[in-house]
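Everything quoted here is computed from the prediction, not taken from an experiment. Throughout, protein chains are lettered first and strands after them, A, B, ... in sequence-line order, and every chain is numbered starting at 1.
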2 protein chains.
Amino acid sequence: MKLSTKGRYGLTAMVDLALNAGEGPVSLRTIAERQGLSENYLEQLISGLRNSGMVNSIRGAQGGYVLGKKAEDIRVGDIIRVLEGPIAAFECEANDDPECCEKLDYCVTRTIREKVRDPVEDVLDSITLADLVKDPQTMDSLTDDEDKPENKPEDKADDQKEA
Amino acid sequence: MKLSTKGRYGLTAMVDLALNAGEGPVSLRTIAERQGLSENYLEQLISGLRNSGMVNSIRGAQGGYVLGKKAEDIRVGDIIRVLEGPIAAFECEANDDPECCEKLDYCVTRTIREKVRDPVEDVLDSITLADLVKDPQTMDSLTDDEDKPENKPEDKADDQKEA
DNA sequence: ACAAATCCCGAGTGTTTTAGTAAGATATCC
DNA sequence: GGATATCTTACTAAAACACTCGGGATTTGT
């Protein structure tokens with residue numbers, strides 16, 4: 001479930017681009033250097049973003065990349081989908097027959113698929129690049145927690161590695 | 001970003017268990033057969049779930065697994081975290097120094113991390129196993145909540161302080 | 001025209017993760 | 001005691017990951 005470097009680097013690059021929108025193209029070398037990423041690797045990642053129209057490229061010296069649309073029209077979900085494939089994909093395990101679920105009394109894949117996938121995608125699609133470069137307080141409508149306790153629940157249910 | 005089979009199989013098994021709650025232990029073989037999964041593989045996955053207290057095991061003949069808490073107290077986010085590690089993890093790329101972001105004018109990782117991670121986790125944590133086994137229409141409150149700003153996912157009397 | 005900068009593209013590579021299989025040990029019911 | 005289960009560890013083929021590398025195409029400045 002965690003984002004791989006593809007998603008992280010790509011999202012980072014997009015935010016960098018958004019921060020520098022309207023100031024001419026930004027080269028991959030510039031992004032790679034100030035974000036501490038591999039330029040060559042970033043090249044591969046951004047090609048998908050270019051193909052999907054989220055960035056435009058300007059070739060040649062003094063070239064680089066610019067956002068292909070307004071930051072508020074680029075959704076985080078779109079970026080993730082391009083870089084990492086479908087979000088929270090649940091596929092029927094039995095086979096590709098869409099009716100297989102009907103035959104199995106206990107096939108729960110479809111239920112999970114319908115109920116979990118969409119809300120997650122909705123959240124990612126509700127956040128745009130513009131949201132990511134806005135000042136923190138304007139993000140409150142998304143996080144909705146000005147009085148968030150932020151207490152770490154003491155159940156450490158996520159470490160089966162150590163111990 | 002997509003769930004691996006670990007998350008899918010584990011979630012599927014948990015839903016299966018929830019559907020059969022109160023009817024005695026369910027063996028992995030039973031789950032594996034009716035969901036079309038590998039029993040041996042499922043064994044490995046469920047051990048993490050057991051260690052975190054989400055399922056209890058009964059050994060021996062006629063043994064199996066039962067939910068360790070009520071279905072409404074088991075969050076999908078918890079299951080995913082146990083099986084797949086932290087959700088939507090963004091780590092600082094530079095190093096582990098929490099102050100590294102302060103030094104880089106353009107380090108955007110922290111921004112993304114804070115703004116994207118929490119909403120996704122919130123969604124996953126707002127869906128419980130009970131939601132997944134409920135009839136479809138009762139799930140509407142989760143999927144079309146974009147026009148109800150007042151309906152924040154308040155802590156619905158969940159005591160995640162299990163002994 | 002030429003060199004430098006830059007995007008573009010595909011191939012190659014070491015490491016890690018995935019998605020299991022397999023086998024044996026332990027515990028419980030009948 | 002035997003059948004049924006959980007538990008635990010070890011092993012592995014294949015895929016994905018996270019790059020590196022080399023070369024080609026395009027534009028800019030001189």
Side-chain angles (χ1 to χ4, degrees), chain A residues 1-13 17 20 24-33 35-68 80 83-86 89-91 93 160-161 163, chain B residues 1-13 17 20 24-33 35-68 80 82-86 89-91 93:
Chain A
M1 192 62 188
K2 85 181 141 201
L3 255 37
S4 69
T5 57
K6 289 181 188 173
R8 297 208 304 274
Y9 292 2
L11 208 38
T12 299
L17 248 25
N20 293 89
V26 181
S27 73
L28 279 193
R29 165 157 304 177
T30 302
I31 297 176
E33 280 177 358
Q35 302 297 342
L37 309 177
S38 156
E39 180 186 353
N40 283 329
Y41 191 32
L42 215 43
E43 239 173 40
Q44 297 177 18
L45 302 183
I46 209 163
S47 86
L49 265 6
R50 178 175 43 80
N51 289 337
S52 64
M54 280 183 273
V55 299
N56 290 331
S57 60
I58 293 99
R59 301 181 68 162
Q62 272 64 53
Y65 293 88
V66 293
L67 291 186
I80 305 275
L83 294 168
E84 310 229 22
F90 271 91
E91 276 141 49
E93 299 304 324
Q160 68 269 29
K161 287 185 172 55
Chain B
M1 193 63 187
K2 85 180 140 202
L3 256 35
S4 68
T5 57
K6 288 181 188 173
R8 296 207 304 274
Y9 292 2
L11 207 38
T12 299
L17 249 25
N20 293 89
V26 181
S27 72
L28 281 193
R29 166 156 303 175
T30 302
I31 296 176
E33 279 177 359
Q35 302 298 340
L37 310 176
S38 157
E39 180 186 353
N40 283 328
Y41 190 32
L42 216 43
E43 245 173 34
Q44 298 176 19
L45 302 183
I46 210 163
S47 86
L49 264 8
R50 176 175 45 78
N51 289 337
S52 64
M54 279 182 274
V55 299
N56 290 331
S57 60
I58 293 98
R59 300 181 68 163
Q62 273 63 52
Y65 293 89
V66 293
L67 291 186
I80 306 271
V82 166
L83 294 168
E84 309 230 22
F90 271 92
E91 276 140 49
E93 298 304 325

Self-check item: Residues in contact with DNA chain C, drawn from residues 44-58 of chain A - heavy-atom cutoff 4.0 Å
Solution: A/Q44, A/R50, A/S57, A/I58
Quiz prompt | Rounded interatomic separation in angstrom, taking CZ from A/R59 and C1' from D/dT27 | solution = 9 Å
Practice problem: Specify the separation, in whole Å, of atom CZ of A/R29 and atom P of C/dC8. | Solution: 15 Å
Quiz item: Nearest-Å distance, CG (B/N40) to C1' (D/dT9)?
Solution: 12 Å
Quiz item: Within the distance-only criterion (no hydrogens, no angle test), does the side chain of B/Q35 pair as donor or acceptor with the backbone N or O of B/A13 below 3.5 angstrom?
Solution: no
So which protein nitrogen or oxygen atoms get under 3.5 Å of nucleotides 15-17 of chain D's nitrogens or oxygens?
from   : atom 1 : to   : atom 2 : distance (Å)
D/dC17 : OP2    : A/K6 : NZ     : 2.9

Got a list of side-chain donor-acceptor pairs under 3.5 Å for residues 50-60 of chain A, not counting sequence neighbours?
from  : atom 1 : to    : atom 2 : distance (Å)
A/N51 : ND2    : A/S47 : O      : 3.3
A/S52 : OG     : A/G48 : O      : 3.3
A/S52 : OG     : A/L49 : O      : 3.0

Quiz item: Quick one: side-chain contact (heavy atoms from CB on, under 4.5 Å) partners of A/E43, sequence neighbours excluded?
Solution: A/L28, A/N40
Practice problem: Taking only the side-chain nitrogens and oxygens of A/Y9, find out if one of them lies under 4.0 Å from OP1 or OP2 of D/dA18. | Solution: no
Self-check item: Considering all heavy atoms, the nearest A/L83-A/L45 contact
Solution: CD2-O, 3.5 Å
Self-check item: A/K6 side, atom NZ; A/L42 side, atom CG - distance, nearest 0.5 Å
Solution: 13.5 Å
Quiz item: What's the CD-C1' distance between B/E43 and D/dT9, to the nearest Å?
Solution: 12 Å
Quiz item: Can you find a pair of side-chain heavy atoms, one from A/I31 and one from A/L17, that are under 4.5 Å apart?
Solution: yes
Exercise. Scan residues 36-64 of chain A for pairs that pass ring pair (Phe, Tyr, Trp, His ring centres under 6.0 Å), counting only residues two or more places apart or in two chains.
Key: A/Y9-A/Y41
Quiz item: What ring pair (Phe, Tyr, Trp, His ring centres under 6.0 Å) pairs are there with at least one residue in residues 47-68 of chain B, not counting sequence neighbours?
Solution: none
Quiz prompt | Protein-nucleotide distance (B/L42, atom CG; D/dC7, atom C1'), rounded to Å | solution = 14 Å
Identify all pairs in which a protein N or O lies below 3.5 Å from an N or O of nucleotides 2-4 of chain D, and state each distance.
from  : atom 1 : to    : atom 2 : distance (Å)
D/dT4 : O2     : B/A61 : N      : 2.9

Quiz item: For A/P25 and A/G63, which heavy atoms make the closest approach, and how far apart are they?
Solution: CB-C, 3.8 Å
Self-check item: side chain to side chain donor-acceptor pair (under 3.5 Å) against A/T30, all qualifying residues, sequence neighbours excluded
Solution: A/S27
Quiz item: Can you tell me how far P of C/dT17 sits from CG of A/L3, to the nearest Å?
Solution: 16 Å
Quiz item: Looking at residues at least two apart in the chain, or sitting in another chain, which of them share a side chain to side chain donor-acceptor pair (under 3.5 Å) with B/E39?
Solution: B/R29
Quiz item: Tell me: OH of B/Y65 to C1' of D/dA5, nearest whole Å?
Solution: 8 Å
